[in-house]
Amino acid sequence: VDTAILENFRGRYAGVASRGAAVCVDAVTIIVLFYAGLGLMMLTIALVTLSQPQFLTLPGAGWALGFTFWLFLYAWVSWSVTGKTVGKALLGLRIVTKRGEPIGAVRALRRCFGWVVSLLFFGLGFFWILISRDRRGWHDYIAGTCVIYDWDARTGNLLKARGLRVTMQKL
């Protein structure tokens with residue numbers, strides 16, 4: 001991997017393809033972690049009470065609410081602590097303020113609610129990333145954030161160790 005290529009992208013606004021791929025990775029991560037946690041909880045309850053957990057009889061709305069809470073928690077904690085989720089980390093992306101600073105817990109919370117706004121209008125808030133000059137969705141404007149490429153030496157070395165070549169063109 002030519003780390004100079006990666007460094008040329010560092011700090012540039014991330015496009016819709018990179019962000020979309022990160023969301024796909026996050027979707028798989030969220031589902032796997034949700035069901036792993038659910039399985040662990042069921043096993044613990046079954047071992048402690050020697051009976052089937054009662055929450056298995058929850059209506060569909062209860063499960064949807066639980067999953068929505070988990071989705072919110074995953075995004076909020078990841079963005080608050082590191083400025084990236086697992087998907088963004090794998091794709092070399094980071095969420096920052098317009099000044100390039102970490103976003104913190106309050107801004108991450110506003111971004112979570114901004115995601116709902118972006119989704120409510122038939123996903124138009126996400127489509128905005130395609131036409132916005134600085135590639136920001138409505139949720140980014142609401143929270144005062146942007147998503148940038150943030151490759152670091154560890155990412156480049158990881159790709160090099162895997163024998164992968166990174167070929168990107170300047171935006």
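Keep in mind it's a predicted model, so treat the numbers as computed, not measured. Computation of the quantities below employed the complete heavy-atom set of this structure, encompassing side-chain atoms and omitting hydrogens, waters and symmetry-equivalent molecules.
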Checklist outcome for this item: T85 and Y74 have their tightest heavy-atom pair at CB-OH, 3.7 Å
Item to check | F69 with W63, same ILVMFWY side-chain cluster at under 4.5 Å | outcome: yes
Checklist outcome for this item: W128 and G125 have their tightest heavy-atom pair at CB-O, 3.4 Å
Item to check | Minimum-distance pair of heavy atoms, taken over all atoms of Y13 and Y149 | outcome: O-CE1, 3.5 Å
Checklist entry - How long is the gap from SG on C112 to CH2 on W76, to the nearest 0.5 Å? => result 8.5 Å
Checklist outcome for this item: Between the CG atom in D26 and the NZ atom in K84, the distance rounded to the nearest 0.5 Å is 12.5 Å
Checklist entry - Between CD1 of I129 and SG of C146, what distance do you get to the nearest 0.5 Å? => result 11.5 Å
Checklist entry - Out of curiosity, does I131 fall in the hydrophobic cluster containing V117 (side-chain heavy atoms, cut-off under 4.5 Å, transitive links)? => result yes
Next on the checklist: Testing the 3.5 Å rule here: is there a donor-acceptor pair between the side chains of S132 and Y141?
Outcome noted: yes
Checklist entry - W79 and I103: side chain to side chain contact (heavy atoms under 4.5 Å, CB included), yes or no, with the steps? => result CA-CA 7 Å; W79 295 342; I103 66 171; 3.8 Å; yes
Next on the checklist: Check for me, please, whether V28 and I30 land in the same ILVMFWY cluster - side-chain distances under 4.5 Å, paths through other members count.
Outcome noted: no
Checklist entry - Once you round to the nearest 0.5 Å, how far does CZ of R107 lie from CD of E101? => result 8.0 Å
Checklist entry - Would you say the side-chain atoms of R19 pair up with the backbone N or O of R135, donor to acceptor, closer than 3.5 Å? => result yes
Next on the checklist: Using side chain to side chain contact (heavy atoms under 4.5 Å, CB included), reason through I142 and W115 one step at a time and then give a plain yes or no.
Outcome noted: CA-CA 9 Å; I142 290 168; W115 253 71; over 6 Å; no
Checklist entry - How far apart are the closest heavy atoms of L93 and A22, and which atoms are they? => result CD1-CB, 4.2 Å
Checklist entry - Transitively linked via ILVMFWY side-chain contacts under 4.5 Å: F122 with V116? => result no
Checklist entry - If you measure from CG on D134 to CD1 on I148, what distance do you get to the nearest 0.5 Å? => result 12.5 Å
Next on the checklist: Can you confirm whether more than 12 heavy atoms, excluding those of W70, are under 6.0 Å from its CH2 atom?
Outcome noted: yes
Item to check | Whether F67 and F34 hold their rings parallel, tilted or perpendicular, with breakpoints at 30° and 60° | outcome: perpendicular
Checklist outcome for this item: Heavy atoms of D140 and R111 approach each other most closely as OD1-NH2, 2.8 Å
Item to check | Closest non-hydrogen atom pair between S118 and W138, with its separation | outcome: OG-CB, 3.4 Å
Checklist entry - Can you tell me how far CG of L43 sits from CG of L38, rounded to the nearest 0.5 angstrom? => result 11.5 Å
Next on the checklist: With clusters defined by side-chain heavy atoms of hydrophobic residues (ILVMFWY) lying less than 4.5 Å apart, directly or transitively, does L71 cluster with L120?
Outcome noted: no
Item to check | Side-chain (T145) to main-chain (I95) donor-acceptor, under 3.5 angstrom | outcome: no
